[in-house]
Amino acid sequence: MPDQPILDLHTHSNRSDGLDTPAYLMTRAKQLGVDLIALADHDTTDGWKESFDKARELGLGFVPAIEISTHSDVETEQGQRRISVHILAYRPEQNNKRLVHELQRTRDSRVSRAKRMVELIERDYPISWQEITEHIRPGSTVGRPAIADALVRAGVVEDRSRAFDSILHRTSPYYISEHSLSTVDAIKLAKEAGAATVIAHPLIDFPAGKSLYDLPNDHFLEMVDAGLDGLEVEHRQVPESARQWLREFAFKHDLFTTGASDYHGIGGKVNELGENSTTVEDFRRLIQASSGAEYYLPAGLEWL
Ligand code: AMP
Ligand code: FE
Ligand code: FE
Ligand code: ZN
């Protein structure tokens with residue numbers, strides 16, 4: 001029994017914007033010595049079954065999850081600003097009617113939004129929606145990574161990251177946002193569906209060097225009131241300068257904290273499986289905070 005098992009609670013497959021099939025993702029996690037993995041594809045549960053079956057076969061721990069796209073309107077120095085917030089929902093009931101409906105709505109909107117972005121971009125760069133659809137798995141949750149890959153294939157940029165830093169950036173004239181639930185409504189819905197709720201990579205856009213007094217305390221309090229359970233603090237994109245504030249906020253409001261890779265496949269993003277882990281204590285709290293879909297602990301990990 002490992003003293004400190006590696007529990008990687010945030011990964012993606014090709015059911016959204018990751019590159020690996022769910023089965024290969026599980027296989028690779030096992031090979032790398034990860035003990036338990038959560039699949040958290042954007043706005044879909046489509047990869048759960050294949051992952052669950054493969055994890056069982058391999059003796060790998062598995063927790064089904066979703067990364068829900070949401071938005072919040074927050075006060076900033078420049079007035080109100082709409083920000084995108086990703087909420088990780090662990091173990092929601094897969095067939096919860098309202099949740100299924102809202103996820104479908106967001107995925108549909110992601111398609112029309114991606115199409116509209118491509119319409120703008122193709123005026124200036126040689127990409128097309130037709131070519132993009134030939135490269136994505138039908139039914140997968142579409143995001144900017146699919147457009148980034150097209151820009152790479154067209155030789156416009158060298159890799160996904162460069163596309164995100166320029167043409168696909170939030171502040172780019174080509175950027176359009178998708179329809180999504182408000183963050184508070186998404187948390188309430190996920191709780192109704194029996195999920196444990198965690199803010200994915202909080203404060204990744206927080207400008208380095210800004211005073212901690214500027215942190216959006218009120219926004220975080222609203223999420224706690226809605227039923228938030230935890231914060232993903234150990235994530236490579238969460239600024240070091242914000243981590244202590246997040247840990248203290250979690251302690252004060254009785255939230256757990258998690259660690260995860262947010263792996264998207266080799267070449268999808270630099271994030272590697274198992275590069276961060278959630279502690280046993282925090283994992284137990286996550287399980288206690290959720291009551292929907294089943295999870296799986298293999299022989300040797302039952303003590304978890
Ligand atoms: P979207 O959901 O369409 O707004 O696109 C955001 C998604 O793109 C995130 O969930 C990440 O998975 C991915 N992403 C963001 N930045 C990068 C990057 N620099 N390289 C690769 N993928 C990224
Ligand atoms: Fe993603
Ligand atoms: Fe995310
Ligand atoms: Zn993610």
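Nothing here was measured: the structure is a model prediction, and the numbers come from that model. We count ligands from 1, going down the list as the structure has it; atoms in each ligand are counted the same way.
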Can you tell me, to 10 degrees, how wide the angle at the Zn ion (ligand 4) is between NE2 on His10 and OD1 on Asp262?
80°

N, O or S of His12 under 2.8 Å from the Zn ion (ligand 4)
yes

Backbone or side-chain N/O/S of His201 under 2.8 Å of the Zn ion (ligand 4)
no

With heavy atoms of [X] as the reference, note each atom of ligand 1 found under 4.0 Å away.
{"X": "Pro145", "result": "5 (O), 8 (O), 13 (C)"}
{"X": "His86", "result": "10 (O)"}
{"X": "Gly143", "result": "3 (O)"}
{"X": "Arg144", "result": "1 (P), 3 (O), 4 (O), 5 (O), 6 (C)"}
{"X": "His264", "result": "11 (C), 12 (O)"}
{"X": "Gly268", "result": "21 (C), 22 (N)"}
{"X": "Arg160", "result": "20 (N), 21 (C)"}
{"X": "Ser161", "result": "18 (C), 19 (N), 20 (N)"}

Heavy atom of His42, distance to ligand 1 below 4.0 Å:
yes

Among the heavy atoms of His12, does any lie under 4.0 Å from an atom of ligand 1?
no

Would you say the ring centroid of His42 lies under 6.0 angstrom from that of His86?
yes

Do the two ring centres, one from Phe220 and one from Phe249, sit under 6.0 Å apart?
yes

Does [X] pair with [Y] as a salt bridge, N-O distance under 4.0 Å?
{"X": "Arg105", "Y": "Asp108", "result": "no"}
{"X": "Arg81", "Y": "Asp73", "result": "no"}
{"X": "Lys188", "Y": "Asp225", "result": "no"}
{"X": "Glu294", "Y": "Arg91", "result": "no"}
{"X": "Glu240", "Y": "Arg243", "result": "yes"}
{"X": "Arg144", "Y": "Glu178", "result": "no"}

Taking [atom] as the reference point, the nearest protein heavy atom with its distance:
{"atom": "atom 11 (C) of ligand 1", "value": "Lys269 NZ, 3.6 Å"}
{"atom": "atom 8 (O) of ligand 1", "value": "Phe164 CZ, 3.1 Å"}
{"atom": "atom 2 (O) of ligand 1", "value": "Arg110 NH2, 2.9 Å"}
{"atom": "atom 7 (C) of ligand 1", "value": "Asp17 OD2, 3.7 Å"}

Are there over 12 heavy-atom neighbours, none belonging to Tyr175, within less than 6.0 Å of that residue's OH?
yes

Reference residue Ile66; test side-chain contact (heavy atoms from CB on, under 4.5 Å); the match among Leu88, Thr44, Asp41, Leu103:
Leu103

Among Ile37, Thr258, Leu39, Val198, find the residue that satisfies the side-chain contact (heavy atoms from CB on, under 4.5 Å) test when tested with Leu9.
Thr258

I'd like the atom name of the N/O/S atom in His264 lying closest to the Fe ion (ligand 2).
NE2

Less than 3.5 Å between some nitrogen or oxygen of Arg113 and one of ligand 1, yes or no?
yes

Just to confirm my numbers, could you give the angle made at the Fe ion (ligand 2) by NE2 of His42 and OD2 of Asp17, rounded to 10°?
100°

I'd like to check Glu275 versus Asp8 (side-chain heavy atoms, cut-off strictly below 4.5 Å). Are they in contact?
no

